[in-house]
> 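First the structure, then my questions, so here it is.
Naming: A, B, ... by sequence-line order, numbering from 1 per chain.
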There are 2 protein chains.
Amino acid sequence: MAEQAPTIYDVAERAGVSVATVSRALNDVESLRAVTRDKVMRAMAELDFVPNNVARGLSRGKNWVLGLAFMHSPVRANEAEVEADSLLYTDIIIRGVEAEAARHGYSLLLCSAGEEHPDGIAPLRNLTQSVDGWIVLDRVLSADEVPEISRRTPLVLMAGAGESDSAYTVRVDNEGGISSLVTHLVEVHGARRFGYMSGLNESPDNVARLRALRDSARRHGVSVDDADIISCDWTSGGAEVQTARWLDRRVDLPDVLVCANDQMAIGAIHAMGAKGLKVPRDIAVTGFDDIPIARYLTPALTTVRQSSSAMGAEAVDVLLAAMAGEPVANTTTLASRLQVRHSCGCRGELDEVAS
Amino acid sequence: MAEQAPTIYDVAERAGVSVATVSRALNDVESLRAVTRDKVMRAMAELDFVPNNVARGLSRGKNWVLGLAFMHSPVRANEAEVEADSLLYTDIIIRGVEAEAARHGYSLLLCSAGEEHPDGIAPLRNLTQSVDGWIVLDRVLSADEVPEISRRTPLVLMAGAGESDSAYTVRVDNEGGISSLVTHLVEVHGARRFGYMSGLNESPDNVARLRALRDSARRHGVSVDDADIISCDWTSGGAEVQTARWLDRRVDLPDVLVCANDQMAIGAIHAMGAKGLKVPRDIAVTGFDDIPIARYLTPALTTVRQSSSAMGAEAVDVLLAAMAGEPVANTTTLASRLQVRHSCGCRGELDEVAS
DNA sequence: CTGAAAGCGCTTACAG
DNA sequence: CTGAAAGCGCTTACAG
């Protein structure tokens, strides 16, 4: 099972040339005579030779590998065990990054960090020479760790806390999305009181969305009561539990519960149903992300659409440009847009069978 | 931005020792005197030295990297563009594999293959020396390519076509899951006629599930009419379209539509609703996977539960055991189990608001 | 057009 | 306990 792989030396010997020539054949160097090249190629085929990319990388100083570092999903098994297999935002980003990297000939090295990790960013630091550039998701690097990494390796921060002058940032326009959502809710549905279902507090996106909600509300002269800010963890299971508690606690509900992502909106709607509340009749609920099944829910979910895979692809593009020394904007903000369906109170062409 | 990283030579010079000694300090070799070690450690800290893992790997013949190869999601943009961001099964497996690999100190190198890829498995072959072992998902390797890879690198096949005597296989028990599902539908709900919503035809899991459905049906003396086998692509959007066509075509519906995964069940239920059919009253629908939101759907989805992340973790365990030369079973089959909810016709404690 | 040799950044017998 | 040297598998000036 662990047969020794042939090296360039084996090929050289078999072809009766020097290893330099084999290397040239491998790299399509002009100068090589056709006959020589053929001789080498034949030897490679006969030996089933495959070049060692690690050695190549070491010698050339380029590995054709991009690194992606992210936090381990912070799902607590006790709260909603089933959620362990949930679609996390991170997974979609990984897919987007991988696809775009592959398109450019790069492989993707995954490096997960965990808050529980004893040596902090050690794994990331250790891999830093194995990689031609880093894409790092939010919460992996603290503000002072960013320059430490970017000093040696081109670095793109995603969904990060925001600008950094030693690294590039790619983010989604939380403000614009939330703002159109609030405008819609106020102007079309006459919403006056807003609640917010919060993702993990440390998450920059969560912070940005809450702030955007507050700002937009203020601008419209409407309010967000602190008692209607529900602390949660991005998951459906968590939202189900927290919403139930909140409903037990509050008698006077807001007009709408703005959720920081779709998963939580799903859990919230479910918990409301269990208490006999009907969405959107009794309270409106909105999400963020627009996951594919959002349109298949009952009621279909009104949400803010963003494309995490597009964001991942964008991060790769920014990183490659930076690696190539091309001028790149320090911060790239991807658009988000309001996706109106029924959970806000709008009625679609496809109304639910009336009760 | 591309500052030169210090090497072991810089450290040696600064500490006034040889590179061999620096290497020993790096690798915690016993023989080193405490004073010497401290001297080296100080120099490393001062220079902010980070060892180059690529060089280490080349020299030691071990990279501490596992490779995961998979097919690019074959989603056609035209059919349901929104689905591009869908939760694909692959993403969950990636997460499971990554987590388990990290737990054992390995990083994960992602390598995607696409059917459209001109040079077939070339990327995989090329990376084969960069990796200590491969985990390869279904459809990446053809039967005769398997030994070609496994000859050089330990190889675990996931969700693969089945056994191979030159590689290890990790799969889910499709047969057992479908069998309990069919038994439940026949015995509890008196189902006599079954339909099947198919995933991509080439997928081994899809093939296995359809065969299991046919076998189970036969065993119960019930039937699957070929006209009720709907060809689809694993996605909700695809299922919505295909179900609508099927409904237009068939007057006489089966008692239940068994879907090869949950996503398609969601799309099918939606399409049925659009035609005025109520699930499960008019027709039962079931899924496979038990994705987290399956329990939040209306009606809550009856499905076969499997854990893709657990399967990913298992693949890593098998691979590491194989790499360590420990005895490992050629095929590992993970359990699946029936998860009864409401879309089969069972009523839960939490019934929908009656129409 | 092709070979001999040094180098990429480490590790590890082999001496001493 | 530590250093000098060869080696991991490639690449690439430098000669010829």
> So which of B/L68, B/L141, B/L127 actually passes side-chain contact (heavy atoms from CB on, under 4.5 Å) with B/W134?
B/L127
> Report yes if a side-chain nitrogen or oxygen of A/S18 is closer than 4.0 Å to either non-bridging phosphate oxygen (OP1 or OP2) of C/dG3; otherwise report no.
yes
> Could you please name the option among C/dC10, D/dC10, C/dC14 that lies closest to any side-chain atom of B/A55?
C/dC10
> In terms of the nearest nucleotide of DNA chain D, which residue is placed more toward the 5' end: B/L32 or B/S59?
B/L32
> Please determine whether a side-chain nitrogen of the Lys or Arg among A/R152 and B/D48 lies less than 4.0 Å from a carboxylate oxygen of the Asp or Glu.
yes
> Using a cut-off of 4.0 Å on non-hydrogen atoms, how would the nucleic acid contact of A/S31 be classed: base, sugar-phosphate, or nothing?
base
> In whole angstrom, what separates A/R33's CZ from C/dG3's P?
10 Å
> B/M44 has an atom CE; how far is it from atom P of C/dC10, in whole Å?
11 Å
> How would you label the contact of B/V17 with the nucleic acid (heavy atoms, under 4.0 Å): base, sugar-phosphate, or nothing?
sugar-phosphate
> With a non-hydrogen cut-off below 4.0 angstrom, is A/T7 in contact with a base, only sugar-phosphate, or nothing?
sugar-phosphate
> Using only side-chain N and O atoms of A/T21, determine if any of them is under 4.0 Å from OP1 or OP2 of C/dT2.
no
> Can any side-chain N or O of A/N53 pair as donor or acceptor with the backbone N or O of B/N126 at less than 3.5 Å?
yes
> For D/dC8, take OP1 and OP2 only and decide whether either is under 4.0 Å from a side-chain N or O of B/R60.
no
> Any donor-acceptor pair under 3.5 Å linking the side-chain atoms of A/T169 with those of A/T331?
no
> Test salt bridge (Lys or Arg N to Asp or Glu O under 4.0 Å) on A/R103 and A/E100; report intermediate values, then the result.
CA-CA 5 Å; A/R103 224 168 62 75; A/E100 185 69 1; 3.0 Å; yes
> For B/V54, does its backbone N or O pair with a side-chain atom of B/N52 as donor and acceptor, under 3.5 Å?
yes
> Give none if D/dA4 has no partner; otherwise give the nucleotide forming a Watson-Crick or G-U wobble pair with it, both distances under 3.5 Å.
none
> Using a heavy-atom cut-off of under 4.0 Å over every strand shown, decide if B/N27 touches base, sugar-phosphate, or nothing.
sugar-phosphate
> With the side chain of A/P51 defined as its heavy atoms from C-beta on, choose the nearest nucleotide among D/dC10, D/dA5, C/dG9.
D/dC10
> Let me know the distance between CG of B/N53 and P of C/dC10, rounded to the nearest Å.
9 Å
> Just the rounded figure in Å: distance from C1' of C/dG3 to CD of A/E13.
16 Å
> C/dA13 pairs with which nucleotide, Watson-Crick or G-U wobble, both distances below 3.5 Å?
none
> Which part of the nucleic acid, if any, lies within reach of B/V50 when heavy atoms closer than 4.0 Å are counted: base, sugar-phosphate only, or nothing?
sugar-phosphate
> Return whichever of B/V19 or A/R24 has its heavy-atom-nearest nucleotide of DNA chain C closer to the 5' end.
A/R24
> Could you check how far CG of A/N52 sits from P of D/dC8, rounded to whole Å?
12 Å
> Could you state the atom-to-atom distance from CH2 of A/W64 to P of D/dC10 in whole Å?
18 Å
> Across the strands shown, which category fits B/S23 at heavy-atom distances under 4.0 angstrom: base, sugar-phosphate, nothing?
base
> Please report the distance, rounded to the nearest Å, between CD1 in A/I8 and C1' in C/dG3.
13 Å
> Over how many whole Å does the gap from A/L26 atom CG to D/dT12 atom P extend?
11 Å
